[in-house]
Amino acid sequence: MGKTRLALDTAAKVGHMFPDGVHVVELATVREGELVLWNIASCLRLPDRPGHATLEMVVDHLRDKQLLLVLDNCEHLVDACAATVDTLLRAAPAVRILVTSRQVLGITGEQTFSVPPLPTPVPGRGTSARDLSRYPAVVLFEQRAAAIVPGFQVGRENAEAVTRLVHALEGLPLAIELAAAWMRTLTVQEILSRLEDRFGLLRLGSRAALPRQRTLRGLVDWSYELCTEQEQALWARASVFSGDFDLCAAEAICAGEGLAADTMVEVVNGLVEKSVLSRSEHYGRSRYRMLETIREYGQERLSGAGALTRFRRRHRDHYLGLTARAEAQWFGPEQEAWFARLRGDHPNLRVALEFCLQTPGEATAGLALAVAPRHYWITCGSLGEGRDWLSRLLEADSANGAASAIRASALATHAYLGILQGAADDTLGILDAAQTLAVRMGDRSTLAWVCHHRAVAATWNGDIAQAAALFEQAATALRELGDIGGTTECTTKLALALAFVGDLPRAAALCDECEAVISTHGESWLRGFNLFTRALLCWHKDEFSTAGTLARNAVGLLRPFNDWWDIAMCVDLAAWSAARTGMPERAAGLFGVVRSLWASIGASLHTAPFMAEAHERYERDVREELGTKAFERAARRTANLSLVNALDYVVDDQVAGTSSTRRSAEQHGRSISQALTRREREVAELAALGMSNREIATKLVIAQRTAEGHIEHVLAKLGFRSRAQLANWVHQQHSAPERLPSNRTPRRGHG
């Protein structure tokens, strides 16, 4: 029915009425009611704060806000959404919530708007082609058909057939689009004839079903039966995916049993041509997606054949192997590509974890999936979600009663995520349990990482000397195991600890040692961390300007990985540099970015504990120099920038040399928009209105592949993963100053 498009268009038009903005929460790929609040909190960029219930955090955040919250695709989570919406509206009287769903929530105060079909002409009245253009259903069919058959128009010779077709389809947008997709093979009259036959059969079905449901199911049945046997098989098997997937995943999971892997490209192409699958491009790789209705239909077919559990297990096994490969290849030149790939597959990882949790005997496999790669939950910014999955899987696994190295690793990872949330004292008991089990299993790798995690906990607690000793112990153990990446990670952190305790010569030597290894392997993430340590060493040598430059360069290296902890430390050091080099307004702006970063991380901190003394000293000095009001004004400006613009503000050398935070913040509020080409800005505006790639191509008179390329470039430049985020950003550009948007996989992702 186009509910999502209508909701986004409505939000764009009324957004100016909400000072605190419009926030779009995508729920189509969320499978569990417990994750509704996680996704809302992620969209609002609320911190994963231990000891605080997510509902309480969301309520506290919204209580005094005046904003519009759009919850998209709620029908499969109606109970959880109803309870959440009811609670939020009672607690936050100025908040408005716009919901799209196939089912009403059924709560007090709900005002429902049933999205009607597109207006259609009445057959048999001889309406002229010109008059038919006043009917949206006809216009939609003409646009979709022209995208398939260039030059197609509704004219005198086909006007009546088109009228009868859109009328028979009852003006349903999805039905019209699916019918138009067959223009590659059939004429309008041929489509109409087959459709009428199908509807004749459909009327023999249940009279209790809603007309809309009967029509849509009839159309999808018809589309399914017009597919080849191989296309039908792939349609059903691909329904185990959530979100989108690539060709390699389709080959690994769906091939076999009459569907050869070497024919997969042809079969996928057939489904793309029939609009069963839609294609997009991400980082140079094709990704495919099904509409939710199409996916649910395929899953019914798969379940009816008794094959659903088998293919869901194959799906789980594929992503278990994918994450294992990512862990094995993490320390190398493909690091950033692996991160982007896993982030894009976050919905599929969730579905695989859900299968392990719900299927008896699969919890251990779920634990293996949840802990590899080791940095996944950190880099995707979902500490709370990662801990939640691990908690539930550990509980399910405990019923097996069997000890395993995977369980020891999962316990250690669960504790580590808690430490990073600032709850080190609360998680040390779990770390003790992990160590005990690792000793029992003879798992030397987990023991080494337990030592690393204890070092991080000591760091957060301010015991840097103890942290240095533990990092060195962990590095030694991992070196003996031949784990080059782990050894280098622990060594870089040892160098940082030594820099803070004053052993500058050895810290510098370790930085040189790590840089040599990092360069040899083409790694990026630890290179950024190592650069931050070098910046700190320059700071201790009173080379303040150089320290600031290195810290900003480190942000550039860490940025693609969403490593907000290390980025926050780099920005903090850059702020100190600005304070010491006569740029107090710049320093205040950077302190504002630091505030936002730590708030989004979810830790109960305003700076790294071992940096707290210097942070507080320089913030106090800058505040005294500018005055409290001027300081807070400058800090708020940068704190309210989008994450993209805030980090641009940090790394831009020209901005780093200016004395006006206000001017810089405003310039960078526009910098991303200016970075887009004129055509990309046009494409962004049309995409924000809900237009598909085909519609954009038709509107701008360009090839569909060109439109797809523009969309990919725009999303990449903005750091977004979805069109909903893009629509929200476009709205913000037209109205109030931006707030930090969520780039996580719910955040939400992946997305």
Side-chain angles (χ1 to χ4, degrees), residues 1-10 13 100 102 113-200 202-203 209-223 226 274-276 278 291-294 686 689-699 704:
M1 287 304 241
K3 296 186 293 297
T4 296
R5 186 175 302 180
L6 179 61
L8 293 177
D9 183 66
T10 302
K13 290 178 178 177
T100 72
R102 299 175 198 169
F113 177 76
S114 297
V115 181
L118 299 176
T120 62
V122 178
R125 293 190 176 180
T127 307
S128 68
R130 181 175 181 179
D131 289 336
L132 286 179
S133 65
R134 296 185 292 107
Y135 291 92
V138 174
V139 173
L140 177 62
F141 180 81
E142 184 178 57
Q143 289 176 345
R144 294 295 189 268
I148 301 296
V149 182
F152 174 85
Q153 290 183 327
V154 176
R156 184 177 59 183
E157 68 281 0
N158 61 13
E160 181 60 22
V162 171
T163 297
R164 291 170 58 200
L165 178 61
V166 298
H167 185 78
L169 293 172
E170 298 179 331
L172 296 174
L174 176 59
I176 291 171
E177 292 185 7
L178 291 173
W182 285 100
M183 286 295 294
R184 183 179 290 106
T185 306
L186 305 172
T187 67
V188 177
Q189 185 60 53
E190 288 171 336
I191 296 172
L192 180 61
S193 298
R194 290 172 178 264
L195 191 62
E196 287 177 341
D197 290 340
R198 177 57 55 188
F199 286 159
L202 185 61
R203 282 194 292 270
L210 294 173
R212 174 179 65 84
Q213 293 172 326
R214 295 201 304 267
T215 302
L216 186 58
R217 176 168 292 280
L219 180 59
V220 179
D221 280 338
W222 170 68
S223 297
L226 285 176
K274 294 178 175 66
S275 295
V276 175
S278 61
L291 294 168
E292 281 300 299
T293 299
I294 300 299
L686 296 177
L689 294 176
M691 286 191 178
S692 68
N693 290 339
R694 287 181 180 176
E695 288 178 307
I696 293 172
T698 301
K699 179 75 174 178
Q704 183 178 339

Practice task
To the nearest 0.5 Å, tell me how far Lys274 NZ sits from Thr185 OG1.
Solution key: 6.5 Å
Handout entry: Spatial distance of atom CG (Leu165) from atom OG1 (Thr120) [nearest 0.5 Å]
Key = 10.5 Å
Fill in the blank from the handout: Rounded to the nearest 0.5 Å, the CG atom of Leu140 sits from the CZ atom of Arg144 at a distance of 5.0 Å
Practice task
For the pair Asp9 and Arg5, find out whether any cationic side-chain nitrogen is under 4.0 Å from an anionic carboxylate oxygen.
Solution key: no
Exercise for the section: Step through the shown structure and confirm whether more than 12 heavy atoms of other residues, nucleotides or ligands are within 6.0 Å of CZ on Arg184. Expected result: yes
Handout entry: Where Ala145 and Ala180 come nearest, the two heavy atoms and their spacing
Key = N-CB, 4.0 Å
Exercise for the section: Indicate yes or no: at least one non-hydrogen side-chain atom of Pro121 is less than 4.5 angstrom from one of Val166. Expected result: yes
Completion exercise
What one should report as the nearest heavy-atom pair of Val154 and Ala129 is O-CB, 3.5 Å
Handout entry: Donor-acceptor contact present, side-chain Glu160 to main-chain Pro123, <3.5 Å
Key = no
Exercise for the section: Of all the heavy-atom pairs spanning Leu169 and Ala179, show the shortest one and how long it is. Expected result: CD1-CB, 3.8 Å
Practice task
Mark yes or no for whether Asn158, through its side chain, and Gln153, through its backbone, hold a donor-acceptor pair below 3.5 Å.
Solution key: yes
Exercise for the section: Taking the side chain as every heavy atom from C-beta outward, state whether Pro173 and Leu118 have any atom pair closer than 4.5 Å. Expected result: yes
Handout entry: Closest contact, heavy atoms only, Ala161 versus Leu192
Key = O-CD2, 4.0 Å
Handout entry: For the student: nearest non-hydrogen atoms of Met183 and Phe152, plus distance
Key = CE-CE1, 3.6 Å
Handout entry: Pair Phe141-Val188, side chain to side chain contact (heavy atoms under 4.5 Å, CB included): steps then yes or no
Key = CA-CA 10 Å; Phe141 180 81; Val188 177; 4.1 Å; yes
Completion exercise
Tightest non-hydrogen contact, residues Ala7 and Thr100, listed as CB-CG2, 3.6 Å
